[in-house]
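A note on names: the letters A, B, ... follow the listed sequences, proteins ahead of strands, and every chain is numbered from 1.
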2 protein chains.
Amino acid sequence: MDEKCSCDNCELKELFVDSLEEDHMEAVCSSKKEKDYSVGEVILKERTQIREFTYLKSGLVKLFRSDPSGSEQIITIAKPMDYVSLLSVFSNDEYNYSVTALEDSVTCSLNLENLRMMMRENGGLALSLLQKMSRAADRIILDTLEIRKKHLRGRVAYLLLYFSDNVYFSSEFDLPLTRKEMAEYVGMTTENVIRTLSEFRKDGILKIYGKTIQIVNQELLRSISEFG
Amino acid sequence: MDEKCSCDNCELKELFVDSLEEDHMEAVCSSKKEKDYSVGEVILKERTQIREFTYLKSGLVKLFRSDPSGSEQIITIAKPMDYVSLLSVFSNDEYNYSVTALEDSVTCSLNLENLRMMMRENGGLALSLLQKMSRAADRIILDTLEIRKKHLRGRVAYLLLYFSDNVYFSSEFDLPLTRKEMAEYVGMTTENVIRTLSEFRKDGILKIYGKTIQIVNQELLRSISEFG
DNA sequence: CGCGGCTTTGATGTTCATCAAGTAAAGTGG
DNA sequence: CCACTTTACTTGATGAACATCAAAGCCGCG
């Protein structure tokens, strides 16, 4: 789009690096579509044709599925470099989950057929995507099992530490999820998420100002996450 | 190993079909290693170097992980064509789960480095494996979420129907899992698995002879699985 | 035959979901 | 900008679902 290929400056170029010859690189660059989303906007919708391979350039999103009764389950939270369209993309023709933005986000999409073609011609690219996808799927599966083992306090602790350690890299941050969403992620009720947070506050583990969380006693929180 | 390549007759050849040129096919064939396992034998062990790409030719296996305290969580049950070493293989250098045989099983292994090389040279092969892996991961993730939503009765019903519909294709079959393993799979206690089975028996939904299960009222079981 | 693992049932207590009710915060339209 | 509505958050009380504990029968195997 620019005079030179704008993908050259993309911090995600490494994703394809070593795998893409110059001509393919240009094909990618000219066919890619960047899109902006603000908080709450729908990026992908369940039961919808998959035509593109989409990944997250910046922001934070949630993957979830909803059932007829209207309730939702959050599958995972994804930040840049976690694949957004990892599930289903190469195995299904419809998404079996939805994605919405938890923070203002930018995605970049490639035509899936083109990508498939490139992968067929370029095994290194295919292998590199396989690796990334494998890693992403692993994380979801292991996290889910991990959460399932824990009691409510452990689940909430785990979730808070996830944001602190892997997303915001700080002991103080703004929760990108509502209490309800936290509940949908770790499989408990909204009321009990709140109750648990309140307990943590009373125990001096957290300070809570609405969505803003400050972890005061990290050590204790970690041990609750591990053994609770 | 035989006078001709023995893989020509392998029912899993299609896995590579259209993707493997003749010379690669022979490389695969001569380097592959088939192994027999009987019930209960360990096929892969957690925290162990991944050197091979292993898949299941026949039999039935469980993937699970154990924690320090000794308790185990079953990740999934795999039958032939479900990938055995799908998780981690392309993303990690150690297995993060173990695999043991639930029935007498035969596996076939390829050297992982060789396979990687073939995939680099042959994008079609890589794409085909990506597809299979994606499907397998999807199934695990969605099944886990599905199970999590349900109450105990629904979980047990779901599990029984899984065996009936997808493994044994019959309303009567021998459970390949102990009651304890069933519990480890669906996240409940052994006692409650037993209690639930007994309830189903009393309600005339099942007949139970030790490990042998006969589903009498399939319709009801399905509705319990769906709504319970 | 007796030991250990798997299975079964009952009694008890804890954890958690549900229900109810109220406060705070955040959009919405006049 | 303020009343109005809706959505998010919070706390308490209650009961249901489930884990835990205990005890006994069963079965295969050395």
- Query: Donor-acceptor pair under 3.5 Å: do we get one between Arg195(B)'s side chain and the base of dT20(D)?
  - Reply: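 Answer yes: a donor N or O sits under 3.5 Å from an acceptor.
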- Query: Within the modelled atom types, does a donor on one side and an acceptor on the other bring the side chain of Glu191(A) and the base of dC19(C) under 3.5 Å apart?
  - Reply: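 Per atom types, the contact qualifies.
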Does [X] make a side-chain N or O approach to OP1 or OP2 of [N] shorter than 4.0 Å?
{"X": "Ser198(B)", "N": "dT9(C)", "answer": "yes"}
{"X": "Arg201(B)", "N": "dT9(C)", "answer": "yes"}
{"X": "Asn192(B)", "N": "dA19(D)", "answer": "yes"}

Starting at atom [atom1] of [X], determine the distance to atom [atom2] of [N], rounded to an integer number of angstrom.
{"X": "Leu152(B)", "N": "dT15(C)", "atom1": "CG", "atom2": "C1'", "result": "13 Å"}
{"X": "Arg179(A)", "N": "dT11(D)", "atom1": "CZ", "atom2": "C1'", "result": "14 Å"}
{"X": "Lys180(B)", "N": "dG4(C)", "atom1": "NZ", "atom2": "C1'", "result": "14 Å"}

- Query: Is there a side-chain contact between Lys32(B) and Asn111(B) (heavy atoms, below 4.5 Å)?
  - Reply: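 Sidechains of Asn111(B) and Lys32(B): no contact.
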- For the residue pair Tyr37(B) and Val42(B), establish whether any side-chain heavy-atom pair is separated by less than 4.5 Å.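 No, side chains not in contact.
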- Item | Carboxylate-amine/guanidinium contact Arg65(B) Glu72(B), below 4.0 Å |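 The answer is no: the pair does not qualify as a salt bridge.
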- Message: Base, sugar-phosphate or nothing for Thr189(B)? Non-hydrogen atoms, less than 4.0 Å.
- Response: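 It contacts base atoms.
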- Query: What does Ile194(B) touch in the nucleic acid at a heavy-atom separation under 4.0 angstrom: a base, only the sugar-phosphate, or nothing?
  - Reply: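 Touches a base.
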